[in-house]
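Working notes for the structure below.
Each chain gets a letter, A, B and so on, in the order its sequence line appears, and its residues count up from 1. These numbers were taken from a predicted model, which means no experiment stands behind them.
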Amino acid sequence: MLDIQLLRSDLAGVAQRLATRGVTLDVAAFERMEASRKDIQKQTQDLQANRNQLSKQVGQAKGRGEDASALIAEVNAQADKLKALEGELTGIQGELDQFLAGIPNLPHASVAAGKSADDNVEVRRIGTPRAFDFKVKDHVDLGEALGLLDFNTAGKIAGARFSLMKGALARMHRALAQFMLDVHTQEHGYTEVYVPYLVNADSMRGTGQLPKFEEDLFKIPRQSTEVEAGADAKPRDASLYLIPTAEVPVTNMVRGEIVAGNTLPLKYVCHSPCFRSEAGSYGKDTRGMIRQHQFDKVELVQMVHPASSYVAHEELTAHAESILQRLDLPYRTMLLCTGDMGFSSAKTYDLEVWLPGQNAYREISSCSNFEAFQARRMQARFRNDKNKPELLHTLNGSALAVGRTLVAVMENYQNSDGSITVPTALRPYMGGAERIGA
RNA sequence: GGAGAGAUGGCCGAGUGGUCGAAGGCGCUCCCCUGCUAAGGGAGUAUAGGCUCAAAAGGCCUAUCCAGGGUUCGAAUCCCUGUCUCUCCGCCA
């Protein structure tokens with residue numbers, strides 16, 4: 001969520017920066033709502049002040065044993081008007097909140113303007129794709145031939161976009177997650193956390209998945225026994241959502257908190273399953289385990305001082321890259337353009353790993369700086385030098401998506417006989433195994 | 001699932017209808033005193049928003065004592081609904 005003060009002081013500037021993302025800000029609507037809010041708020045507060053004043057006098061009069069009925073009558077005379085105004089104020093503030101919640105973050109100055117992924121900028125390219133002297137297979141052919149990957153059975157159990165791994169492949173999947181966690185905790189200073197995989201709507205709002213992207217989430221409908229007040233009394237919605245990324249529960253750890261300044265930066269790493277309905281991506285990546293309803297990911301999350309978030313962003317991205325380097329997987333780092341960034345992000349690097357089976361670089365990580373956008377929604381703050389609460393900055397990045405890393409290892413480390421060499425870095429996690437299959 | 005207790009400022013904790021944004025303590029900040037890893041004295045110390053002001057400072061005002069409703073001229077305090085925490089019992093990986 002953007003700072004409403006920024007919209008008040010520089011509406012045109014905000015609209016201009018949003019335009020680079022392809023978003024049109026309804027300036028007129030905002031100005032109309034603001035004018036209305038000001039007017040109603042002024043009237044409401046004046047009446048409230050008047051009521052408080054008179055009520056105080058009632059108390060004083062009664063204290064002196066005098067009759068206060070005239071004062072009480074005076075307050076009562078404006079009670080209806082006050083109640084109506086208070087209702088209006090709540091209404092207009094709700095409208096403004098909703099309007100504000102629908103506006104994406106402003107791109108950082110270092111982000112290139114662009115419309116789509118075609119305009120992303122390649123920042124660096126590490127490693128050289130291996131030259132194969134045989135016809136390469138993709139991970140589906142490799143895994144099924146080895147009898148270790150079974151999409152048919154997964155389909156029977158759950159449906160499309162689920163996968164089932166067995167034996168050494170399932171173990172390698174687990175090994176990858178363990179390896180990533182160990183590197184980040186032992187070498188990069190992250191604290192490992194285990195978190196809920198089902199979260200409430202407040203948490204989804206905190207990181208920006210709600211209200212705009214509900215269709216991408218798996219939702220478990222639930223009703224509280226609490227009944228909302230009002231004419232159409234209905235039970236309060238207490239639905240839970242499956243997390244689409246550990247970013248949600250981990251970042252929400254600081255929701256509503258004021259942390260001591262000297263505890264920053266907070267650095268967490270979390271291995272979790274992720275659930276995405278992939279609505280709107282029908283027909284995309286239908287083969288294999290590139291795009292699944294359920295996948296594992298090791299996520300890095302940092303809460304930092306605002307002054308250091310861009311340094312932290314570079315570091316976090318480097319932490320993610322280090323996994324690819326240790327696995328000796330060729331990749332490139334892309335700076336996303338304004339038009340291709342996620343809703344909440346001010347700046348994002350995507351890491352794309354080389355997949356021989358597709359003869360292409362494919363996204364395996366996304367590292368973003370959200371500045372105060374998430375923190376403002378969550379009211380996540382720290383005490384600054386002046387001992388005043390100030391919004392902190394949040395960042396996160398995948399390091400890495402485990403399923404896609406497994407795909408990358410399978411395809412890049414395949415041998416002519418259909419076996420897969422185990423990367424050296426993973427061998428300690430695989431009981432010393434050097435090869436899968438054959 | 002059953003029974004009970006609780007939720008107040010950074011922390012502890014008082015406050016059961018009026019002048020309470022909230023005593024007191026701790027912590028923190030500044031000043032004074034003290035020549036010393038201590039103690040004492042004084043002042044200050046929530047957040048968000050609105051109005052005023054060229055701006056800052058300042059001033060005035062509104063809201064917030066878990067959340068949402070209600071009663072009342074007036075609610076931290078009374079009533080209702082919920083959430084969470086703790087204790088005991090049951091069940092359970």
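- Distance A:Leu85 CG to B:C61 P: 20 Å, rounded to the nearest Å.
- For B:A14 and B:G24, the C1' atoms lie 7 Å apart once the distance is rounded to whole Å.
- Every residue two or more places apart in sequence or in another chain that forms a salt bridge (charged side-chain N to carboxylate O under 4.0 Å, His left out) with A:Arg326 is listed here: A:Glu187.
- Side-chain N/O atoms of A:Asn52 include one lying less than 4.0 angstrom from OP1 or OP2 on B:U62.
- With sequence neighbours excluded, the residues forming a ring pair (Phe, Tyr, Trp, His ring centres under 6.0 Å) with A:His108 are A:Tyr310, listed by chain and number.
- The salt bridge (charged side-chain N to carboxylate O under 4.0 Å, His left out) contacts involving residues 295-306 of chain A comprise A:Lys297-A:Glu299, where partners must be two or more places apart or lie in separate chains.
- Taking A:Glu74 as the reference, nothing meets the salt bridge (charged side-chain N to carboxylate O under 4.0 Å, His left out) condition, with sequence neighbours excluded.
- Comparing B:A75 with B:U64, their C1' atoms sit 13 Å apart, to the nearest whole Å.
- Spacing of C1' atoms, B:G21 relative to B:U77, comes out at 15 Å, to the nearest Å.
- Whole-Å rounding puts the A:Leu82 CG to B:G74 C1' distance at 13 Å.
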Pair up each side-chain donor or acceptor in residues 90-107 of chain A with any protein partner under 3.5 Å, not counting sequence neighbours, and list the distances.
residue, atom, partner, partner atom, Å
A:Thr90, OG1, A:Glu86, O, 2.9
A:Asn105, ND2, A:Ser344, O, 2.9
A:Asn105, ND2, A:Phe370, O, 3.2

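- Between B:A76 and B:G6, the distance separating the two C1' atoms is 15 Å to the nearest Å.
- A search for side chain to side chain contact (heavy atoms under 4.5 Å, CB included) contacts involving A:Asp3 returns A:Gln5, A:Leu6, A:Arg376, not counting sequence neighbours.
- Going from atom CZ of A:Arg255 over to atom C1' of B:C66 covers 14 Å, rounded to whole Å.
- Taking a 4.0 Å limit (strictly below) on heavy-atom distances, residues 66-76 of chain A reaches RNA chain B at A:Ile72, A:Val75, A:Asn76.
- Base pairing in RNA chain B yields stems of at least 3 consecutive Watson-Crick or G-U pairs, both distances under 3.5 Å, namely B:1-7 with B:83-89, B:10-12 with B:24-26, B:27-32 with B:40-45, B:46-52 with B:58-64, B:66-70 with B:78-82.
- We find that CD1 of A:Ile40 is positioned 16 Å from C1' of B:C51, with the value rounded to whole Å.
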Handout entry: Verdict with reasoning, A:Leu148 to A:Ile436, per side-chain contact (heavy atoms from CB on, under 4.5 Å)
Key = CA-CA 10 Å; A:Leu148 302 178; A:Ile436 293 178; 3.5 Å; yes

Can you name the atoms? Protein N/O to nucleotides 46-50 of chain B N/O, anything below 3.5 Å, with the distance.
residue, atom, partner, partner atom, Å
B:G49, OP1, A:Gln5, NE2, 3.4
B:G49, O2', A:Gln41, NE2, 2.8
B:G49, N2, A:Gln45, OE1, 3.3
B:G50, OP1, A:Arg8, NH1, 2.5
B:G50, O4', A:Gln41, NE2, 3.0

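- Rounded to whole Å, the P atom of B:C26 lies 9 Å from the corresponding atom of B:G40.
- Of the C1' atoms belonging to B:G17 and B:C73, the separation is 12 Å, rounded to the nearest Å.
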Review item, side-chain donor-acceptor pairs of residues 392-401 of chain A, under 3.5 Å, at least two apart:
residue, atom, partner, partner atom, Å
A:His393, ND1, A:Ser309, OG, 2.9
A:Thr394, OG1, A:Gln374, OE1, 2.7
A:Asn396, ND2, A:Glu247, OE1, 3.3
A:Asn396, ND2, A:Glu247, OE2, 3.3
A:Ser398, OG, A:Ser366, N, 3.0

Problem - Full working for side-chain contact (heavy atoms from CB on, under 4.5 Å) between A:Met289 and A:Leu406 - result: CA-CA 9 Å; A:Met289 49 188 290; A:Leu406 183 70; 4.3 Å; yes

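- A:Lys83 places its NZ atom 10 Å from the C1' atom of B:G69, with the value rounded to the nearest Å.
- For A:Lys42, the salt bridge (charged side-chain N to carboxylate O under 4.0 Å, His left out) partners are A:Asp46, not counting sequence neighbours.
- Rounded to the nearest 0.5 angstrom, A:Thr191 OG1 and A:Leu266 CG are separated by 8.5 Å.
- To the nearest whole angstrom, the two P atoms, one in B:U8 and one in B:C78, are 15 Å apart.
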At a cut-off of 3.5 Å, list every protein nitrogen or oxygen paired with a nitrogen or oxygen from nucleotides 16-19 of chain B, distance to 0.1 Å.
residue, atom, partner, partner atom, Å
B:G18, N2, A:Ser55, O, 2.7

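- Spacing between atom CD of A:Glu86 and atom C1' of B:G68 amounts to 15 Å, rounded to whole angstrom units.
- Distance check on atom C1': B:C89 versus B:C80 gives 29 Å, rounded to whole Å.
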